[in-house]
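Data block below; observations after.
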2 protein chains.
Amino acid sequence: MGSEVDEAFTELQRRHVRMTPQRRTILTYLVTHHNHPTVETIHEALDQQTPNMSLATIYNTLKLFVDLGIVIELANGEDGVHYDYYNKPHYHAICTNCGRIADVFYPDFPKVAQQLEKEAADQTGYQITGNHIEVYGLCPQCQKKLNSKS
Amino acid sequence: MGSEVDEAFTELQRRHVRMTPQRRTILTYLVTHHNHPTVETIHEALDQQTPNMSLATIYNTLKLFVDLGIVIELANGEDGVHYDYYNKPHYHAICTNCGRIADVFYPDFPKVAQQLEKEAADQTGYQITGNHIEVYGLCPQCQKKLNSKS
DNA sequence: TGCCTAAGTTAGAATCATTTTAAATCGATT
DNA sequence: AATCGATTTAAAATGATTCTAACTTAGGCA
Ligand SMILES: [Mn+2]
Ligand SMILES: [Mn+2]
Ligand SMILES: [Zn+2]
Ligand SMILES: [Zn+2]
């Protein structure tokens, strides 16, 4: 059970990443919550089960996961940095009014992303290793809210 | 001669944006420099010709231009936020080692971006108004630097 | 199994990019 | 030219992230 969590742990062991209770807890949270939490969201959520976890540890751990490539950062959006356990390729729609983030799973996305990466590599000589692709606009809730104001 | 700078000013007048010397100066800098400056870069560059321009004014003005849609923010990249006067559609390659930013002009880019926007709108109900598309990796200089270390 | 040590965690302090403030100044409309 | 809301400014405040230094621990090894 919780196989996705187990898979994630196994992957870290395979990569000789030292396992700590804090890392377990944070990774479990990320794998089981497909919201796109900020550091503060994670801190508050974990405060229930693991009081006294330092913010510094959350920052350190997220940076580690990002460097390992299993987590991505969403740095745009109105409010702070959001994090996402990234197993299936997808991109994001971000609300310019409230910051709400929605996943977009598009079968052709990997193809499209590779196309953009290849073109960039050919044109600039960069050795491309990844991408940040997001679209933004008004989420359905904010559309309603703003429409009823006129 | 309707230089690019004049066109930019005309566009602002058309939109009834109040014109100030500071806004003129900053817009002129952005239009004539195709580097991707940070607030600090702009502040230092303008300090020569316009001492005493407040950092707050630069922040305010850039936010205005971004809201007007004539300037885009590059929020990823290792070091702070970069700005770009965005006339011709293009995307960016960002070096994960030194932060250097390169333009990528790809004829199919508008088509590809629209495809991603349409799919996101259909799937999420968001009213999409724009996108942030970047790829990242090692710039040529950093490739050399890091190769010669092994 | 029980050390040992490099690596990780912690609370609190420090940093520093950005925002806020309140007073002075200015642009543009009449 | 007068008017007034918008803009600018320097300085202070904010707040997210990073740093520090002491403490603790995971995991390899005897
Ligand atoms: Mn996601
Ligand atoms: Mn550019
Ligand atoms: Zn919204
Ligand atoms: Zn580089």
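By convention in this document, chain letters (A, B, ...) are assigned in the order of the sequence lines, proteins followed by strands, and residues within each chain are numbered from 1. Since we're looking at a predicted model, the values are computed, not measured.
The aromatic ring centres of A:Y136 and B:H132 sit less than 6.0 Å apart. Between B:H92 and B:H82, the distance from one ring center to the other does not fall under 6.0 angstrom.
Ring geometry for A:Y91 against A:Y106 counts as perpendicular: the plane angle is over 60°, on a 0 to 90° scale with 30° as the lower cut.
B:H34 and B:D84 share no side-chain donor-acceptor pair at under 3.5 Å. Side chains of A:T28 and A:T25: a donor-acceptor N/O pair is absent below 3.5 angstrom, by distance only. A donor-acceptor contact closer than 3.5 angstrom is absent between the side chains of A:Q143 and B:Y126.
We find that NZ of A:K63 is positioned 9 Å from C1' of D:dT17, with the value rounded to whole Å. In this entry the distance linking CG of A:L68 with P of C:dG8 reads 11 Å, nearest Å. As a whole-Å value, the separation of A:R23 CZ from C:dG8 C1' is 6 Å. Distance CG (A:D79) to C1' (C:dT19): 16 Å, rounded to an integer number of Å. For the pair A:N60 CG and D:dC19 P, the computed distance is 10 Å after rounding to whole Å.
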| message | Show, in sequence, the C-alpha distance, side-chain angles and deciding distance for A:K63 and A:D67, and conclude whether the salt bridge (charged side-chain N to carboxylate O under 4.0 Å, His left out) test is met. | response | CA-CA 6 Å; A:K63 180 177 295 175; A:D67 289 347; over 6 Å; no
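Note on B:Q22: every side-chain N or O is 4.0 Å or more away from OP1 and OP2 of C:dC26.
Side-chain contact between A:T32 and A:V5 is present, with heavy atoms from C-beta onward closer than 4.5 Å.
Two residues, B:G80 and B:R24, neighbour DNA chain C, and the one matched to the more 5' nucleotide by heavy-atom proximity is B:G80.
Of the residues in residues 28-59 of chain A, those placing a heavy atom less than 4.0 Å from an atom of DNA chain D are A:A56, A:Y59, in numerical order. Residues from residues 8-20 of chain A with heavy atoms under 4.0 angstrom of DNA chain C, sorted by number: A:R18, A:T20.
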